[in-house]
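What follows is one structure encoded as structure tokens, with my remarks underneath.
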Amino acid sequence: MNYLIAFLIVGFVFSAVMTFMYLLLWMERKQSAVMQDRIGANRATFFGLPTMMGLWHNIADGIKLITKEDFIPPLGNRFLHTISPMIALFFALISFAVIPFGGVYSLWGYTVSFQILHLNVGLLYVFAVMSMGIYGFVLSGWASANNYALLGGMRASGQMISYEITMGATVIGLLMIYGTLDLQQINVAQGELWGGWLPLWGVLLQPLGFILFFTAAMAETKRVPFDIPEGESEIVGYFMEYSGMKFAMFWQSDFIETILAASLVTTLFFGGWQVPFLTADGFHFPWGSVWNLPTLVVMVLQVGAFLGKVFFFCFLLMLIRWTLPRFRWDQLMKLGWTIMLPLSIINILVTGLVLVLLKG
Amino acid sequence: MAIKKVVETGLWERSYVPEIIRGMALTAGHFFRNMALHTAHVFGLAKDRRGSATYQFPEERRPLAPRLRTLHRLTRREDGSPRCVACMMCETVCPARCIYIVAGEHPNPQIEKYPVRFDIDLGLCVMCGYCVEACPEDAIRMDTGIVEFSSYTREGMIYDLKKLLSLSPTPKRSVPASARPEDLPQLTEPQA
């Protein structure tokens with residue numbers, strides 16, 4: 001039975017992520033359209049069914065990409081060329097194993113944990129897996145036997161390594177406060193109330209850390225304004241020699257990384273699955289009233305809260321993606337190394353000082 | 001000569017964040033305004049305010065400017081025959097040389113001539129409207145409002161007298177059969 005629950009949770013997380021990815025593709029089209037006073041793709045139908053505000057366009061894309069020729073450059077490395085999109089997609093998907101989609105609930109005598117893998121080094125695991133994902137992008141550039149693709153792969157590795165340092169340094173402030181790398185425990189700790197009414201979410205403790213982490217996470221997703229590795233409008237990046245479903249896998253891994261960035265920001269800074277004043281047995285409002293709820297309702301509310309927050313951050317990332325122009329390469333490096341890294345180190349120092357003064 | 005542009009940026013602009021938030025407020029403002037309008041349209045409200053700047057073309061057409069030059073038409077007399085007197089003014093003034101007229105003798109001595117053939121090759125036409133300006137009889141106009149005339153063949157782009165006349169409404173009252181354009185004496189085309 002425990003195995004069945006574990007399988008169901010894996011299925012839930014996988015389908016949630018894949019459905020989110022599918023919806024993001026639609027959102028990307030429609031949100032950008034509405035932002036720019038347009039309507040967006042709305043013509044595709046499926047056997048005369050209603051157009052569903054353009055949802056069928058995703059299926060049309062899928063059919064087109066599957067039936068397209070899968071071209072491997074004759075001078076390229078066949079094996080690496082085939083395996084690199086798989087590496088990119090695999091490591092993007094596998095990072096969700098430690099993201100807590102909900103808390104731990106006991107239902108009808110069974111323990112249901114909405115986290116596939118309860119690791120006490122969950123955050124390190126996410127960073128490790130995200131760094132492994134770079135291999136997919138570098139290898140794709142290398143295996144294409146194309147100088148432009150190689151340069152794109154080098155840009156991707158340069159950008160991702162630069163911003164991962166900032167990302168890692170930013171999180172240290174949070175680790176000092178919560179004293180754990182376990183994402184589930186970080187989420188539980190964010191349920192505490194300050195002064196009895198203000199939920200102590202990470203963003204209140206680390207506002208600078210939030211801005212830095214959000215920017216670095218956006219850079220990790222390789223989307224505008226940090227889309228120099230891809231540069232799909234003109235310079236063309238590492239996936240230049242890819243077509244069909246292999247290209248689509250890179251593109252899916254980008255969307256999944258967007259979801260990952262949104263869920264990491266949610267988990268670390270916005271309380272994860274925490275709903276303000278909602279504990280395991282119901283709402284405990286600061287003015288003293290208590291509203292008891294069954295565990296199942298609490299579970300649905302908390303998982304729903306997590307998905308809602310992730311959706312909000314996906315929306316925000318899309319909003320930024322369709323508002324800002326792209327950075328130049330030198331601006332990107334300058335921002336990463338001379339502004340964000342020093343700021344994140346200052347953040348660590350200030351956090352440490354405050355912690356010493358408060359506790360020492 | 002290089003133009004040196006000095007853009008004053010203070011610490012406020014260079015710290016990125018407030019300016020980014022300002023930009024995002026603008027785009028988000030557009031998003032939520034348009035979303036609210038689209039949602040209102042679903043419930044049949046606020047139909048007079050558009051949620052988008054674009055037109056959904058085949059179903060919805062942009063209003064044309066009243067002075068826009070569109071597909072030509074030949075106007076008719078009260079009896080339905082063309083007003084054209086085959087004076088060749090339009091053919092002469094046409095910079096694209098896309099008009100081809102063959103004149104015939106009209107039975108009415110006051111009219112003298114009428115066009116046996118009046119072809120416009122719209123594949124050559126530059127829509128300059130000189131023919132309309134040149135016409136002394138107000139026989140050719142470019143006010144049909146038709147902007148989608150296309151064809152798979154070059155021949156299909158040549159509009160003849162009948163086609164151009166058919167774009168003008170036929171007068172309501174009955175006219176003697178002999179005055180209709182197709183009943184006028186047909187001339188054989190002069191050999192080149």
Side-chain angles (χ1 to χ4, degrees), chain A residues 26-45 50-54 166 203 207-216 218-219 224-226 312-328 331-332 334-336 338-340 342-343 346, chain B residues 2-65 68 147-150 152:
Chain A
W26 174 74
M27 241 174 89
E28 166 120 51
R29 284 203 174 104
K30 294 305 250 190
Q31 188 184 337
S32 64
V34 175
M35 270 168 65
Q36 297 169 353
D37 296 350
R38 296 184 283 118
I39 295 282
N42 61 351
R43 291 290 148 146
T45 55
T51 52
M52 307 262 288
M53 296 164 77
T166 312
V203 67
L208 180 63
F210 163 65
I211 291 172
L212 292 174
F213 186 85
F214 194 60
T215 315
M218 208 153 51
V224 183
F226 297 100
F312 171 77
F313 279 104
C314 286
F315 173 84
L316 201 63
L317 283 166
M318 290 273 173
L319 193 66
I320 293 170
R321 185 248 178 278
W322 287 99
T323 302
L324 299 179
R326 180 194 299 157
F327 281 108
R328 228 170 35 221
Q331 290 171 333
L332 180 91
K334 205 176 156 193
L335 180 73
T338 70
I339 298 171
M340 288 187 37
L343 275 180
I346 290 169
Chain B
I3 299 167
K4 197 177 175 190
K5 270 191 188 167
V6 181
V7 182
E8 290 287 331
T9 51
L11 189 66
W12 182 258
E13 283 88 6
R14 270 184 287 145
S15 66
Y16 287 125
V17 178
E19 288 295 301
I20 285 174
I21 289 172
R22 212 160 63 93
M24 275 163 61
L26 183 76
T27 47
H30 271 257
F31 178 82
F32 287 113
R33 192 202 64 201
N34 292 338
M35 265 325 271
L37 282 172
H38 288 314
T39 317
H41 291 170
V42 171
F43 295 107
L45 301 165
K47 285 278 186 194
D48 52 325
R49 289 188 63 197
R50 296 182 61 86
S52 67
T54 51
Y55 290 87
Q56 299 301 301
F57 167 62
E59 296 99 40
E60 192 187 8
R61 274 147 209 268
R62 254 179 89 173
L64 300 175
L68 183 73
V147 288
E148 299 116 24
F149 41 95
S150 51
Y152 285 110

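Given the structure is predicted, the values throughout are model-derived calculations rather than measurements.
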* **Which atoms of A:Leu324 approach chain B - backbone, side chain, both or neither, heavy atom under 4.5 Å** =>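 Contact with chain B involves the side chain of A:Leu324 alone.
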* To do: Would you mind reporting whether B:Val147 and B:Leu68 have side-chain heavy atoms less than 4.5 Å apart?
  =>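 In contact.
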Tell me if the [atom1] atom of [X] is crowded by more than 12 foreign heavy atoms within 6.0 Å.
X       : atom1 : answer
B:Arg33 : CZ    : yes
A:Met53 : CE    : no
A:Arg43 : CZ    : yes

* **Top contributor to chain A contacts, counting heavy-atom pairs under 4.5 Å, from B:Gly51, B:Ala53, B:Ser52** =>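 Highest number of heavy-atom pairs under 4.5 Å: B:Ser52.
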* Segment of B:Arg50 engaging chain A (4.5 angstrom heavy-atom cut-off) ->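 No part of it gets close to chain A.
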